[in-house]
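Right, one structure below, let's go through it.
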Amino acid sequence: TVADDGGSSGRLREEFDILPPGDLRMALAALCADDELGRTWADVLQSRFGGDGPLAGHAIGNLLIAGLWERLQDPVAGLDMVGALLRTQGRVLPMAAVPLTIEADVVGSDPDRPDELAVLRGQATVAKTQGDVRAVRLVPTDPPSREETLASVLAADHVVLGPGSWFTSVIPHLLVPELAEAIVTTRAQRILTL
């Protein structure tokens with residue numbers, strides 16, 4: 001069996017063939033300036049449209065990021081622009097240069113078939129599964145990373161993996177070959193936050 005999530009970030013990615021902005025949006029909001037203006041912008045970024053119209057469920061920040069990516073034709077430039085708006089303390093960079101989908105082989109995701117292996121797709125679906133995750137992979141396999149991301153990891157004093165879902169927020173960084181190599185070879189202290 002195959003299950004796929006239909007989250008708003010995934011719908012945006014499918015419609016516009018972009019990197020999924022959700023985790024990047026949350027990282028930007030977490031790094032915003034710690035004052036009234038910064039916190040207000042972070043709240044706006046995280047807010048979702050209500051109702052049942054075409055924007056229902058979409059995070060305002062996802063649309064802002066996707067709009068900047070389309071306008072600037074450069075994901076890093078778009079993230080830097082949103083970072084400047086929020087006056088972030090740090091920089092948010094994508095781990096890969098292409099849109100990715102997370103897939104997992106899971107046993108026991110269907111209570112009626114506890115021994116059956118299922119393939120689950122999408123970050124939300126994999127992160128929320130009650131089954132036993134046996135393997136995780138990215139589609140496409142062996143995606144390229146961004147030069148800015150690799151340079152940042154190699155120049156860092158500390159590289160922190162986590163917190164977040166083990167299978168959807170931590171392990172995927174190690175499935176991007178160039179990024180995994182940078183994490184292994186950097187002189188930075190590596191820290192795993194659980």
Are [X] and [Y] packed together at the side-chain level, in the sense that at least one heavy-atom pair is separated by less than 4.5 angstrom?
{"X": "E116", "Y": "V107", "answer": "no"}
{"X": "L68", "Y": "D74", "answer": "no"}
{"X": "L45", "Y": "V82", "answer": "yes"}
{"X": "I183", "Y": "L161", "answer": "yes"}

Q: Before giving the answer on side-chain contact (heavy atoms from CB on, under 4.5 Å), spell out for S165 and V170 the whole-Å C-alpha distance, their side-chain angles and the decisive distance to 0.1 Å.
A: CA-CA 7 Å; S165 165; V170 178; over 6 Å; no
Q. Which of these, V153, L93, L179, sits in a side chain to side chain contact (heavy atoms under 4.5 Å, CB included) with S145?
A.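 Testing each of V153, L93, L179 against S145, the sole residue satisfying side chain to side chain contact (heavy atoms under 4.5 Å, CB included) is L179.
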Q) In terms of side-chain geometry, is the basic nitrogen of R137 or D142 positioned less than 4.0 Å from the acidic oxygen of its partner? A)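 Result for this pair is no, no salt bridge flagged.
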What's the spacing between [X] [atom1] and [Y] [atom2] if we round to 0.5 Å?
{"X": "R48", "Y": "L55", "atom1": "CZ", "atom2": "CG", "result": "12.5 Å"}
{"X": "Q123", "Y": "K128", "atom1": "CD", "atom2": "NZ", "result": "10.0 Å"}
{"X": "I171", "Y": "L138", "atom1": "CD1", "atom2": "CG", "result": "10.5 Å"}
{"X": "W69", "Y": "L24", "atom1": "CH2", "atom2": "CG", "result": "5.0 Å"}
{"X": "L175", "Y": "I102", "atom1": "CG", "atom2": "CD1", "result": "8.5 Å"}
{"X": "E70", "Y": "L63", "atom1": "CD", "atom2": "CG", "result": "11.5 Å"}

Side-chain donor/acceptor of [X] to backbone N/O of [Y], under 3.5 Å:
{"X": "R190", "Y": "T186", "value": "yes"}
{"X": "T149", "Y": "P94", "value": "yes"}
{"X": "S47", "Y": "D43", "value": "yes"}
{"X": "T40", "Y": "E36", "value": "yes"}

In the single-linkage hydrophobic clustering (I, L, V, M, F, W, Y; side-chain heavy atoms under 4.5 Å), do [X] and [Y] co-cluster?
{"X": "I191", "Y": "L31", "result": "no"}
{"X": "V76", "Y": "L85", "result": "no"}
{"X": "M26", "Y": "F167", "result": "no"}
{"X": "L72", "Y": "L28", "result": "yes"}
{"X": "L192", "Y": "V136", "result": "yes"}

Q: May I have the step-by-step check of side-chain contact (heavy atoms from CB on, under 4.5 Å) for H58 and N62, ending in yes or no?
A: CA-CA 7 Å; H58 283 291; N62 287 1; 5.7 Å; no
Q) Hey, mind stepping through R87 and L37 against side-chain contact (heavy atoms from CB on, under 4.5 Å) and telling me if it holds? A) CA-CA 9 Å; R87 299 181 332 220; L37 185 60; 3.5 Å; yes
Minimum heavy-atom distance between [X] and [Y], given as atom pair plus value:
{"X": "V159", "Y": "A188", "answer": "CG2-CB, 3.8 Å"}
{"X": "V176", "Y": "P143", "answer": "CG1-O, 3.5 Å"}
{"X": "L100", "Y": "P140", "answer": "CD2-CD, 3.9 Å"}
{"X": "D34", "Y": "R39", "answer": "OD1-NH1, 2.8 Å"}
{"X": "S109", "Y": "T129", "answer": "CB-OG1, 3.8 Å"}
{"X": "A59", "Y": "R25", "answer": "CB-NH1, 3.4 Å"}

Q. Is atom CG of D52 surrounded by more than 12 heavy atoms (other residues, nucleotides or ligands) closer than 6.0 Å?
A.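 Atom CG in D52 is not packed in, count stays at 12 or less.
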Q) Is atom CD of E148 surrounded by more than 12 heavy atoms (other residues, nucleotides or ligands) closer than 6.0 Å? A) yes
Q: Start with the C-alpha gap between V126 and V106, add the side-chain angles, then the distance that decides, and say whether side-chain contact (heavy atoms from CB on, under 4.5 Å) holds.
A: CA-CA 9 Å; V126 174; V106 179; 5.8 Å; no
Q. Is there a salt bridge (Lys or Arg N to Asp or Glu O under 4.0 Å) between R134 and D132 once you walk through the steps?
A. CA-CA 6 Å; R134 299 290 173 93; D132 181 24; 2.7 Å; yes
Q. Under a single-linkage rule joining Ile, Leu, Val, Met, Phe, Trp and Tyr whose side-chain heavy atoms are separated by less than 4.5 Å, which residues share a cluster with V184?
A. none
